[in-house]
Peer 1: 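The structure is given below, and queries will be raised subsequently.
Note on naming: letters A, B, ... go to the chains in the order of the sequence lines (proteins, then strands), and numbering restarts at 1 for each one. Quick note: numbers below take in every heavy atom, side chains included, and nothing from hydrogens, waters or symmetry partners. The structure displayed is predicted, hence computed values, not measured ones.
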Amino acid sequence: MFDLSDHKIPDRKFFARKTITVASALLGSFVVHDSPEGRAGGIIVESEAYVEYDDPGCHAWRGETKRNRAMFGPPGHAYVYFTYGNHWMFNIVTEKEGTGCAVLIRALEPVEGLELMRKRRPKAKTDEDLTNGPGKLASALGIGKELYRADLLSSPLKIYIPEKRFISKYIKKYGGIVRTTRIGLGENAGAILPYRFYLANHPCVSVRAKGRSVCGN
DNA sequence: GAGACGATTTTCT
DNA sequence: GAAAATCGTCTCG
């Protein structure tokens, strides 16, 4: 398994930057959830940016509501919400407090707690199936409403940033970063904005119909 | 293997 | 009452 002592927990400023910057900077870093059942975690291989000010697809576009309140809070916190009847989504709040922006984590490479994740997702046939979608990874990591607004710097749910060398090697290994349009948004909901990032050849990326790898990088 | 669709709940109009 | 930042299953090739 990976030794997390080589990786550091970012400070608040890491998340306070532009959402697009944070979304791409998160590729190759770790998400770890220490639950009572044990530790589960993986490497981020796909992310999407959602920003309040120029993005009709963002939950915060129409202003603050009870549901999206966490997005307007301080950066580095979790914005977790429920959708489509069954699924939790895990987002990381970005930019300065009062701005409704976040990064949606769409896919991970499972690394820590494989057994626990398999137990949580008995229907997954392969290990890639454990975390190759936003609803799937939340389920595999045991992320639910109790982590709404959790501080990623001090709660059981944390982000670890590996050394720069590790990240560039990892990104290179999987063919570089692709920037393209997001998934699951309607035509009028900012579907054309190139706010999605993923590792070109990574097996865990949830490339769907709309997400053809167009703009290589 | 790809495309269609139903499940199910929270939130807003 | 409808839509939603999805998933799993069913159908047809």
Peer 1: Picking from A:His59, A:Arg67, A:Arg69, A:Arg149, what satisfies side-chain hydrogen bond (donor to acceptor under 3.5 Å, both in side chains) with A:Tyr79?
Peer 2: A:His59

Peer 1: A:Arg67 side chain N/O closer than 4.0 Å to the phosphate oxygens (OP1, OP2) of C:dA4?
Peer 2: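 So the side chain of A:Arg67 is outside the cut-off, no N or O lying under 4.0 Å from OP1 or OP2 of C:dA4.
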
Peer 1: With both distances under 3.5 angstrom, what nucleotide forms a Watson-Crick or G-U wobble pair with B:dT8?
Peer 2: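 When the pairing criteria are applied, nothing turns out to pair with B:dT8, so the answer is none.
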
Peer 1: Taking the minimum atom-to-atom distance to the side chain of A:Tyr84, which one of B:dC12, C:dG8, C:dA4 wins?
Peer 2: C:dA4

Peer 1: Considering just the side-chain nitrogens and oxygens of A:Arg62, establish if one lies under 4.0 Å of OP1 or OP2 belonging to B:dT11.
Peer 2: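 The answer is no; no side-chain N or O of A:Arg62 sits under 4.0 Å from OP1 or OP2.
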
Peer 1: Taking atom C1' of C:dT6 as reference, at what distance in whole Å does atom CD1 of A:Ile143 sit?
Peer 2: 15 Å

Peer 1: I'd like to know if A:His59 reaches the base of C:dA5 with its side chain such that a donor and an acceptor end up less than 3.5 angstrom apart.
Peer 2: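 Flag set: donor-acceptor pair detected.
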
Peer 1: With a 3.5 Å cut-off and no angle check, do the side chains of A:Arg106 and A:Ser206 form a donor-acceptor pair?
Peer 2: yes

Peer 1: Send over the distance from A:Arg182 CZ to C:dT6 C1', rounded to a whole Å.
Peer 2: 16 Å

Peer 1: Using a 4.0 Å heavy-atom cut-off, does A:Gly135 contact any base of the nucleic acid, only the sugar-phosphate backbone, or nothing at all?
Peer 2: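 Answer is sugar-phosphate: A:Gly135 comes under 4.0 Å of backbone atoms only.
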
Peer 1: Checking A:Arg39 now: which residues fulfil salt bridge (Lys or Arg N to Asp or Glu O under 4.0 Å) with it, not counting sequence neighbours?
Peer 2: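 Result, salt bridge (Lys or Arg N to Asp or Glu O under 4.0 Å) vs A:Arg39: A:Asp34.
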
Peer 1: Tell me the interatomic distance from A:Met89, atom CE, to B:dT9, atom C1', rounded to whole angstroms.
Peer 2: 12 Å

Peer 1: What integer number of Å spans the P atoms of C:dA3 and B:dC5?
Peer 2: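 The same atom, P, in both gives a distance of 15 Å.
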
Peer 1: In whole angstroms, how far is the P atom of C:dA4 from the CD1 atom of A:Ile183?
Peer 2: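 Those two atoms, CD1 and P, are 16 Å apart.
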
Peer 1: Classify A:Tyr79 by what it touches in the nucleic acid, base, sugar-phosphate, or nothing, heavy-atom distance under 4.0 Å.
Peer 2: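 Base contact.
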
Peer 1: Scan residues 118-127 of chain A for pairs that pass side-chain hydrogen bond (donor to acceptor under 3.5 Å, both in side chains), counting only residues two or more places apart or in two chains.
Peer 2: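 Residue pairs passing side-chain hydrogen bond (donor to acceptor under 3.5 Å, both in side chains), neighbours aside: A:Ser35-A:Arg120, A:Glu37-A:Arg120, A:Arg118-A:Asp127.
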
Peer 1: If you measure from the ring centre of A:Tyr50 to the centre of the six-membered ring in the base of C:dA5, is it under 5.5 Å, with the planes under 30° apart?
Peer 2: yes

Peer 1: Taking atom P of C:dT9 as reference, at what distance in whole Å does atom CG of A:Asp129 sit?
Peer 2: 11 Å

Peer 1: Between C:dT6 atom C1' and A:Asn91 atom CG, what is the distance in whole Å?
Peer 2: 13 Å

Peer 1: For a salt bridge (Lys or Arg N to Asp or Glu O under 4.0 Å) check, start with the C-alpha distance between A:Asp151 and A:Lys158, then their side-chain angles and the critical distance, and finish with the verdict.
Peer 2: CA-CA 8 Å; A:Asp151 185 353; A:Lys158 286 193 181 64; over 6 Å; no

Peer 1: Side-chain donor-acceptor pair under 3.5 Å between A:Asn68 and A:Tyr50, yes or no?
Peer 2: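 Side chains of A:Asn68 and A:Tyr50: no pair found under 3.5 Å.
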
Peer 1: Starting at CG of A:Leu193 and ending at P of C:dA5, how long is that distance when rounded to a whole Å?
Peer 2: 14 Å

Peer 1: OP1 or OP2 of B:dT10 less than 4.0 angstrom from a side-chain nitrogen or oxygen of A:Lys145, does that happen here?
Peer 2: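 No, because none of the side-chain N or O atoms of A:Lys145 sits under 4.0 Å from OP1 or OP2 of B:dT10.
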
Peer 1: Quick one: A:Tyr81 OH to C:dA3 P, roughly how many Å, whole number?
Peer 2: 17 Å

Peer 1: Using the side-chain heavy atoms of A:Phe82, tell me which of these nucleotides is nearest: C:dA5, C:dT6, B:dT9.
Peer 2: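 Comparing C:dA5, C:dT6, B:dT9 against the side chain of A:Phe82, the answer is B:dT9.
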
Peer 1: From the options C:dC7, B:dA7, C:dT9, select the nucleotide whose nearest atom is closest to the side chain of A:Lys123.
Peer 2: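 Among C:dC7, B:dA7, C:dT9, the one nearest the side chain of A:Lys123 is C:dT9.
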
Peer 1: Look at the side chain of A:Thr65 and decide which nucleotide, out of B:dC12, C:dA4, C:dG8, has an atom nearest to it.
Peer 2: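 Among the listed nucleotides, the one closest to the side chain of A:Thr65 is B:dC12.
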
Peer 1: Using both distances under 3.5 Å as the test, list the Watson-Crick or G-U wobble partner of C:dA5, or none.
Peer 2: none

